[in-house]
Amino acid sequence: TTEIYTLSLHAALPISLTNTAGTATTVSITSGGPQSTVVGTVFPQLIAVRVLDQFDNPVPNASVVLNGPASGASLAGPVTLTTGAAGTTTGNVTANHTAGSFALSAAVGGVVGASTVQLTNLPGTAAAISVVTGNNQHATVTTAFVNRLVVFVADSFGNAVTGATVTFSAPSSGASATLSPTSAVTASNGRANIAATANTRAGAYSVTASITGASTTFSLINDAGAPATIAVSSGDPQTTVVATPFGAPLIAHVTDAQGNDVPGATVTFAGPGTGARATLATPTATTSASGLAQTTATAGQITGSYTVSAS
């Protein structure tokens, strides 16, 4: 006996298919800037990046490189991240040792262009101070020095520090200067400056500029003013036999109006032209650093008292 029958398939056979993202075409930084941190430290906010294909599907397992400029303010080094299933990733970056603002980029291989965000490396704490201009100056007593005293304040990496207070000080006695003001705050270029006026005493001295933990000095010289007074220093009175030299030189002392020794002044010595008189070895002489000028005298052949002038 032959039987004829029909087989019916009532259950569907499942076939699994998956659409995966295409090649990365877009990279974007979604958060993390702009922001700032002190040089050599980690930026406080994470840098968040998203990678998509041409249809805006998230691309997992994409390698993202965060980097900054090759020189100047930048990162301490590039950072490589990998996207997760959502096509996103986050990571920390660290400032290098140069202060300034720069563009951080997020790049993916094969993607034309990169996403950027602005970061700023801030200078560290004031650690060093140096002279810029105003060192090794001369000024006549009671007059202002031509150039202001300028210093530069930097952090431990040499970056200019803004807003640092610099204190200036001069000797309390002897040759010194009046400082105006006695403290100054650094500008955006890390510089601070003051004016200095020589006091009444001639001589060399130092002005100190200091910050917490560091200092530097300016070498200044107050020069004597113009000759104002001449006086006998030694050699008066003297006696000697006619036609013989006097035992001590004739020494004159030249000072300015403030009583400072005047070097380099020309002193003229003169005696009588007739009668009792003396022959002077040098009728003119130049004052030394101590304001002294001298000549020697030999008595003439006529006896008597007389004067030799110094002017």
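Along the sequence shown, residues carry numbers from 1.
Looking at every heavy atom in both residues, Pro272 comes nearest to Thr307 through CD-O, 3.4 Å. Residues Arg50 and Thr30 approach most closely at CB-CG2, 4.0 Å, considering heavy atoms. Minimum heavy-atom separation, Ala278 to Ala297: CB-CB, 4.1 Å. Across every non-hydrogen atom of Pro69 and Phe102, the tightest pair is CD-CD1, 3.6 Å. In terms of heavy atoms, Thr162 sits closest to Ser188 at OG1-CA, 3.3 Å. Across Thr186 and Val153, no two heavy atoms sit closer than the pair CG2-CG2, 3.6 Å.
In the hydrophobic clustering of this structure, Val151 groups with Tyr205; members are Ile, Leu, Val, Met, Phe, Trp, Tyr whose side-chain heavy atoms approach within less than 4.5 Å, directly or through other members. Cluster membership for Leu75 and Phe157, using ILVMFWY side-chain heavy atoms within less than 4.5 angstrom, is not shared. Taking hydrophobic clusters as Ile, Leu, Val, Met, Phe, Trp and Tyr residues chained together by side-chain heavy-atom distances below 4.5 Å, Val111 shares a cluster with Val79. Linking ILVMFWY side-chain heavy atoms closer than 4.5 Å, directly or via other members, places Val93 and Val38 in two distinct hydrophobic clusters. Grouping the Ile, Leu, Val, Met, Phe, Trp and Tyr side chains by contacts below 4.5 angstrom, directly or via other members, places Leu81 with Val51.
Checking side-chain atoms of Tyr306 against main-chain N and O of Arg277 turns up a donor-acceptor pair under 3.5 Å. Using a distance-only test at 3.5 Å, with no hydrogens or angles considered, a donor-acceptor pair links the side chain of Gln35 to the main chain of Gln45. Panel note: side chain Asn67, backbone Gly77; no donor-acceptor pair is recorded below 3.5 Å. Of the possible polar contacts, none joining the Ser206 side chain to the Ser219 backbone as a donor-acceptor pair under 3.5 Å is found. Side chain of Thr182 to main chain of Leu179: no donor-acceptor pair is present (N/O by atom type, distance under 3.5 Å, no hydrogens or angles). A distance-only check finds no donor-acceptor pair linking the side chain of Asn159 to the backbone of Ala154 [under 3.5 Å]. In this structure, the side chain of Asp53 engages the main chain of Gly22 through a donor-acceptor pair within 3.5 Å. Of the possible polar contacts, one joining the Asn222 side chain to the Arg201 backbone as a donor-acceptor pair under 3.5 Å is found. The backbone N or O of Val59 lies less than 3.5 Å from a partner atom in the side chain of Thr83, making a donor-acceptor pair. A donor-acceptor contact shorter than 3.5 Å is absent between the side chain of Ser233 and the backbone of His253.
Residues Thr295 and Thr282 bring a donor and an acceptor atom of their side chains to less than 3.5 Å of each other. Side chain to side chain, His97 and Asp155 fail the donor-acceptor criterion of an N or O pair below 3.5 Å. Side chain to side chain, Ser288 and Ser290 meet the donor-acceptor criterion of an N or O pair below 3.5 Å. No hydrogens or angles considered: a donor-acceptor pair under 3.5 Å links the side chains of Thr120 and Ser101.
Counting heavy atoms from C-beta on, the side chains of Leu66 and Val49 come closer than 4.5 Å. Under the 4.5 Å side-chain criterion, counting only non-hydrogen atoms from C-beta, Thr142 is not in contact with Thr197. Residues Thr25 and Leu52 form no side-chain contact, since every pair of their non-hydrogen atoms from C-beta on lies 4.5 Å or further apart. A 4.5 Å side-chain heavy-atom check between Asn121 and Thr41 finds every atom pair outside the cut-off. Leu46 has its side chain within reach of Asn92: a pair of non-hydrogen atoms, C-beta onward, lies under 4.5 Å apart. Proximity of Asp256 to Val141: side-chain heavy atoms (C-beta onward) are separated by under 4.5 Å at one or more points. Side-chain contact between Thr244 and Thr298: absent, with no pair of heavy atoms (C-beta onward) separated by less than 4.5 Å. No side-chain heavy atom of Asn57 sits under 4.5 Å from any side-chain heavy atom of Asn19.
Note that CG of Asp223 is 10.0 Å distant from CG of Asn260, once rounded to the nearest 0.5 Å. Taken from OG1 in Thr217 to CG in Asn135, the straight-line distance is 7.0 Å, to the nearest 0.5 Å. Between the CZ atom in Phe168 and the CG atom in Leu149 there is a gap of 6.5 Å [rounded to 0.5 Å]. Summarising the geometry, atom NE2 belonging to His138 is positioned 3.5 Å from atom CD1 belonging to Ile221; distances are rounded to the nearest 0.5 Å. How far CG of Leu280 is from CG of Leu250: 7.0 Å, rounded to the nearest 0.5 Å. The CD atom of Gln258 lies 9.0 Å from the CG atom of Asn199; values are rounded to the nearest 0.5 Å.
Between Ser311 and the options Thr268, Ile230, Val267, Thr266, a side chain to side chain contact (heavy atoms under 4.5 Å, CB included) holds for only Thr268.
Applying the 6.0 Å contact sphere to CZ of Arg148 captures more than 12 heavy atoms from other residues, nucleotides or ligands.
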request  = May I have the step-by-step check of side chain to side chain contact (heavy atoms under 4.5 Å, CB included) for Thr284 and Phe269, ending in yes or no?
outcome  = CA-CA 6 Å; Thr284 61; Phe269 295 91; over 6 Å; no

task = Decide side chain to side chain contact (heavy atoms under 4.5 Å, CB included) for Thr116 and Ile29; before the verdict, give the C-alpha distance in whole Å, the side-chain angles of both, and the deciding distance to 0.1 Å.
result = CA-CA 7 Å; Thr116 62; Ile29 296 175; 5.5 Å; no

inquiry  = Walk me through whether Thr287 and Leu292 qualify under side chain to side chain contact (heavy atoms under 4.5 Å, CB included).
reply    = CA-CA 5 Å; Thr287 54; Leu292 301 177; 6.0 Å; no

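The hydrophobic cluster around Val132 extends to Val150, Phe152, counting ILVMFWY residues whose side-chain heavy atoms fall within less than 4.5 Å of a member.
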